[in-house]
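Only one structure is covered here, and it is reproduced in the block below.
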Amino acid sequence: MYRYNNLWTRSRKYILYLLAGYVLGWGFTPYQTIFLGLILGTSFSLYNLWLLIRKSKQFQKAMEEGRAARSIGTISRMAAAGLAVLIALQFPEYFHLFSVVIGLMTMYVVIMIDYIFYIRGQAWEER
């Protein structure tokens with residue numbers, strides 16, 4: 001469970017920095033709908049990451065106790081992503097749809113970059 005807590009802490013920090021940059025972009029550029037779409041998608045992406053970490057902990061605990069494990073919440077994460085897209089479709093004057101989709105993928109990009117840094121750090125320690 002230590003891994004999940006570290007992953008959550010680091011990823012949350014990176015995503016909050018990205019959100020701060022998006023807010024600055026929204027405030028200081030003429031591309032407000034694009035940045036609002038990125039903010040919406042990235043916010044839902046952060047929520048999906050929280051759901052993933054929480055369900056993974058529950059899954060691991062169930063496996064350690066020998067109980068039958070339920071799912072890891074794929075349907076709830078898809079529903080959250082669908083809700084973000086529906087909000088963007090309902091209010092196209094405020095949210096750019098393609099930016100919302102890019103924002104929804106932010107979580108996966110952050111996890112991959114974090115993993116690359118983790119692997120590089122492990123290789124550096126072995127030297």
Side-chain angles (χ1 to χ4, degrees):
M1 287 215 228
Y2 181 71
R3 286 186 330 207
Y4 296 127
N5 289 334
N6 282 343
L7 176 66
W8 168 244
T9 303
R10 286 189 314 267
S11 299
R12 182 183 60 209
K13 180 175 64 171
Y14 300 147
I15 289 176
L16 289 176
Y17 284 142
L18 276 173
L19 281 171
Y22 295 158
V23 169
L24 290 174
W26 172 78
F28 295 114
T29 66
Y31 306 110
Q32 292 183 341
T33 59
I34 292 174
F35 281 105
L36 273 179
L38 287 169
I39 290 169
L40 179 68
T42 304
S43 299
F44 274 90
S45 181
L46 182 63
Y47 173 71
N48 282 341
L49 178 63
W50 175 75
L51 276 178
L52 180 66
I53 297 294
R54 193 177 117 228
K55 292 290 187 174
S56 296
K57 286 180 184 178
Q58 291 174 353
F59 186 82
Q60 182 179 4
K61 185 177 178 184
M63 295 304 287
E64 288 172 354
E65 295 174 356
R67 293 185 289 127
R70 294 177 31 197
S71 73
I72 56 170
T74 304
I75 299 296
S76 58
R77 290 194 320 271
M78 284 185 181
L83 179 62
V85 169
L86 283 176
I87 291 171
L89 288 174
Q90 186 69 30
F91 302 104
E93 63 274 7
Y94 298 111
F95 302 105
H96 188 257
L97 180 62
F98 191 65
S99 297
V100 172
V101 173
I102 290 173
L104 285 169
M105 293 186 299
T106 302
M107 171 185 66
Y108 302 107
V109 174
V110 166
I111 289 173
M112 285 187 283
I113 291 171
D114 183 60
Y115 182 71
I116 290 169
F117 283 134
Y118 175 76
I119 293 297
R120 289 190 72 197
Q122 292 293 331
W124 186 257
E125 287 177 5
E126 290 177 4
R127 290 183 187 175

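Note that these values count all heavy atoms, side chains included, but never hydrogens, waters or copies made by symmetry.
- Residue T9 holds its OG1 atom at 9.0 Å from NZ of K13, rounded to the nearest 0.5 Å.
- Other residues, nucleotides and ligands contribute more than 12 heavy atoms inside 6.0 Å of the CH2 atom of W8.
- Nearest heavy atoms, S43 versus L19: OG-CD2, 4.0 Å.
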*Check the pair L18, Y14 against side-chain contact (heavy atoms from CB on, under 4.5 Å), reporting the backbone distance first and the verdict last.*
CA-CA 6 Å; L18 276 173; Y14 300 147; 5.8 Å; no

*Please lay out, stage by stage, how R12 and L46 fare under the test side-chain contact (heavy atoms from CB on, under 4.5 Å).*
CA-CA 7 Å; R12 182 183 60 209; L46 182 63; 4.2 Å; yes

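- Residues L40 and V100 approach most closely at CD2-CG2, 4.0 Å, considering heavy atoms.
- Across all their heavy atoms, S99 and L38 have their closest contact at O-CD2, 3.5 Å.
- Taking 4.5 Å as the limit, every side-chain heavy atom of H96 sits out of range of all side-chain heavy atoms of L36.
- Residues R77 and T74 have side chains in contact (heavy-atom distance under 4.5 Å, counting atoms from C-beta outward).
- Scanning for side chain to side chain donor-acceptor pair (under 3.5 Å) contacts around R10 gives D114, with sequence neighbours left out.
- Judged by distance alone, the side chain of S11 and the main-chain N or O of I111 form no donor-acceptor pair under 3.5 Å.
- N5 and K57 get closest at one heavy-atom pair: OD1-NZ, 2.6 Å.
- Counting heavy atoms from C-beta outward, Y94 and T33 have side chains that stay 4.5 Å or more apart.
- S45 places no side-chain N or O within donor-acceptor distance of the main-chain N or O of G41, the cut-off being under 3.5 Å.
- Atoms CD1 and OH, from I113 and Y108 in turn, are 15.0 Å apart once rounded to the nearest 0.5 Å.
- Two residues are said to be in side-chain contact when any heavy atoms from C-beta on lie closer than 4.5 Å; L104 and V85 meet this criterion.
- Atom CD1 of I87 and atom CG of L97 lie 12.0 Å apart (nearest 0.5 Å).
- Nearest heavy-atom pair, A80 versus N48, reported as atom, atom and distance to 0.1 Å: CB-OD1, 3.4 Å.
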